[in-house]
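So the structure is just underneath, and the comments pick up after that.
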Amino acid sequence: MLFELELRAATEKAMQELYDITVSPDDIAINETRKDFEGDLTVVVFNLAKLTRQSPDALGKNVGDWLQEHCGEVLSYNVVKGFLNVVVKTEAWQNVYSEASLDKTLGRVSINANVSKHPVLVEYSSPNTNKPLHLGHVRNNFLGYAIAEILNATGNPVRKVNLINDRGIHICKSMLAWMKNGNGETPESTGIKGDHLVGKYYVEFDKLYKAEIVQLMESGIAEDVAKKTAPSIIEAQDLLLKWESHDAATVQLWETMNSWVYKGFDATYKMMGVSFDKFYYESETYLLGKGIVLEGLEKSVFYKKEDGSVWIDLTEEGLDQKLLIRADGTSVYITQDLGTAKMRYEETKFTKLIYVVGNEQEYHFKVLRAIMKRLGYDWWNELQHLSYAMVDLPSGKMKSREGTVVDADDLMQEMIDDAKKITQELGKIDDFESEEANALYHMIGMGALKYFILKIDPEKRMMFNPADSIDFNGNTGPFIQYTYARIRSVIRKGVQYKNLTGYESFNTVTYKSINRKEKDLMKIILDYPFQLGDAAEKLSPAIIANYVYELAKAFNQFYHENAIVDESQTDTSMFRMHLSNQCARIIKMAFALLGIQVPERM
RNA sequence: GAUUCCGUAGCUCAGCUGGAUAGAGCAUCUGCCUUCUAAGCAGACGGUCAGGCGUUCGAAUCGCCUCGGGAUCACCA
């Protein structure tokens with residue numbers, strides 16, 4: 001909040017001079033003044049009053065007098081039931097507004113001036129190559145992309161990385177089913193997108209496997225035994241062993257099927273509008289942890305059991321004993337992660353490594369941090385887990401093996417189709433060429449989907465009901481895109497018909513008759529850098545999303561009560577054009593951070 | 001069982017480092033397009049902030065307990 005720090009400091013000084021009492025700045029509570037009272041900022045004086053043994057009202061009055069006398073920015077004040085409401089001079093708002101609008105980034109650099117040259121790594125997406133992406137991945141991808149953009153906007157160099165899980169039993173299952181029933185099918189021969197084709201065989205494998213289990217159980221075998229001894233799972237495990245021993249035919253099929261999947265993922269990522277600076281593949285990193293294990297044993301951080309398995313005891317940290325190397329010498333998932341983290345640090349000297357991963361892996365990342373700390377890497381604390389909750393369907397959890405998923409490609413296509421339908425019904429862009437129109441449908445459909453997902457706090461589980469389509473009215477992406485398009489339209493008309501050029505360099509300080517809605521809008525505009533800083537600190541794109549909504553709403557209120565283009569009042573028009581333009585700039589910039597584009601017309 | 005996250009209007013969500021009368025959107029109902037884009041604006045309706053106890057001048061917000069939901073506690077990844 002603008003002027004918060006100044007007011008805090010001034011209040012502290014007032015207490016010192018008036019009462020000779022030293023208060024810590026943390027003890028001074030400052031809020032935005034509620035709409036129903038006069039004022040901009042409010043000092044809550046109850047705890048200060050206690051120190052002076054005065055009534056809150058009397059103290060409020062004394063401090064208010066002092067502020068009015070000593071602070072150039074303070075116009076007046078009023079005290080209501082222990083709340084000191086301070087009115088900041090309009091001139092002061094205008095000065096800051098004028099300065100901020102000259103800044104191309106609207107104040108972003110000032111937030112974080114002394115950042116390191118070393119990058120922040122954001123790892124997200126991290127798909128398995130045995131099935132197409134679904135709604136859960138959509139949340140991951142949107143979040144990861146947005147958080148990388150937000151960190152970048154606050155001055156951090158960012159690298160987006162993707163660790164693809166391309167090896168393991170899951171891909172062997174798809175391979176096996178394809179070998180048995182594939183008849184040489186390819187994406188080209190079937191016209192099916194590569195990731196979907198491979199996913200189809202994964203589901204087939206699972207059906208067969210389940211049927212075998214049922215059969216075994218009917219012949220009197222216990223469930224857990226049946227699960228381990230079903231012929232198809234044995235075959236899949238054999239296939240994995242063959243892969244690990246570099247069997248040529250197996251490796252070739254693995255490469256072929258993975259290449260189908262990558263082609264499919266590329267298309268999906270492109271549709272999503274997300275990108276990566278670097279891809280890592282688990283088939284290349286899964287052996288990296290061995291060095292860490294040796295190091296841990298040497299430092300006696302790890303210990304070896306009689307069977308040869310390697311462990312760490314984390315009970316002091318409130319965690320458990322954790323396995324790092326199996327008795328047969330193979331490594332487990334966390335061992336790979338330890339090795340990968342170390343390699344990345346050596347490569348990049350990252351200032352932070354942010355893992356965008358679902359909250360079911362919170363324990364895993366606690367363990368990861370704890371082990372790195374024990375091993376003495378002082379950057380252990382820079383490993384951060386951006387944890388997000390699952391997406392719920394009304395029917396319960398999504399299970400890709402059972403086919404109860406919302407497929408990412410289908411969902412995006414539906415959103416774009418809905419956008420097309422609604423746009424055509426409104427009939428505002430009938431003059432668009434088809435290519436231009438399709439780009440707009442894509443923009444709106446994806447905007448609706450991204451905003452729908454990103455406006456929700458990552459920590460909270462979100463409910464998605466495929467039966468109710470995502471809204472295009474109210475607190476939605478299209479509402480905000482629409483506000484942008486409307487501003488652009490008004491500005492175009494102002495320039496075209498009323499010759500209001502040069503509004504961008506209009507000296508806004510000279511405009512004296514600011515009204516209530518203009519000021520409200522100005523205050524929200526000036527809050528942008530603070531919101532951005534908050535979003536970066538909390539790793540929460542939802543803060544940006546909710547802020548832009550407030551901004552768009554404030555603009556719409558202003559728009560309805562004030563004529564922007566008015567030939568008789570050039571100054572007023574110029575000021576309002578300037579204000580509208582600033583508003584549009586922020587909407588565009590902030591939405592870009594969320595990966596959402598805005599149209600000139602819709 | 002242990003750890004952890006969550007529970008706010010019929011539905012989807014803000015607000016949570018303690019502050020004034022708890023906010024939006026959707027849904028339902030009512031107004032506003034021969035002035036700049038009505039995907040908009042204005043209004044009505046809708047709340048025991050899961051429940052209880054405590055701390056405090058003050059609790060949706062902090063602490064404890066209970067209830068309800070999720071996740072995790074694997075020689076899976």
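Proteins get letters first, then strands, A, B, ... in listed order; numbering begins at 1 in each.
Listed candidates were B:A24, B:C75, B:C26. Nearest to the side chain of A:A327 is B:C75. Residue A:R486 places its side chain closer to B:G40 than to any other of B:U3, B:C41, B:G40. For A:V80, the side-chain atoms get nearest to B:A20 when compared with the rest of B:U3, B:G19, B:A20. Nearest to the side chain of A:Q557, among B:G25, B:A42, B:A39, sits B:A42. Counting only heavy atoms from C-beta on, A:N473 has its side chain closest to B:A39 among B:U37, B:A39, B:A20. Distances were taken from every side-chain heavy atom of A:H560 (C-beta onward) to each of B:G40, B:G25, B:G19; the shortest belongs to B:G40. Among the nucleotides B:A77, B:A20, B:G19, the one closest to the side chain of A:N85 is B:A20. If you check B:C26, B:C73, B:C57 against the side chain of A:K50, the one that comes closest is B:C57.
The phosphate of B:A14 (OP1 or OP2) has no side-chain N or O of A:N546 nearer than 4.0 angstrom. Proximity of A:K493 to the phosphate of B:U37: a side-chain N or O atom is located under 4.0 Å from OP1 or OP2. Between A:Y363 and B:A74 there is no side-chain N or O to OP1 or OP2 distance below 4.0 Å. Phosphate contact (OP1/OP2 of B:A39, side-chain N/O of A:Y482, threshold under 4.0 Å): present. When the side-chain nitrogen and oxygen atoms of A:R326 are compared with OP1 and OP2 of B:A77, one or more of them lie within a distance under 4.0 Å.
Atoms CG (A:N165) and C1' (B:C76) sit 11 Å apart, rounded to a whole Å. Rounded to whole Å, atom P of B:C76 lies 12 Å from atom NZ of A:K173.
Residue contacts for A:I456: at a heavy-atom cut-off of 4.0 Å it reaches the sugar-phosphate backbone alone, with no base atom in range.
Between A:F479 and A:Y482, the gap from one ring centroid to the other reaches at least 6.0 Å.
Contacts with RNA chain B (heavy atom under 4.0 Å) in residues 459-468 of chain A: A:E459, A:K460, A:R461, A:M462, A:M463, listed by number.
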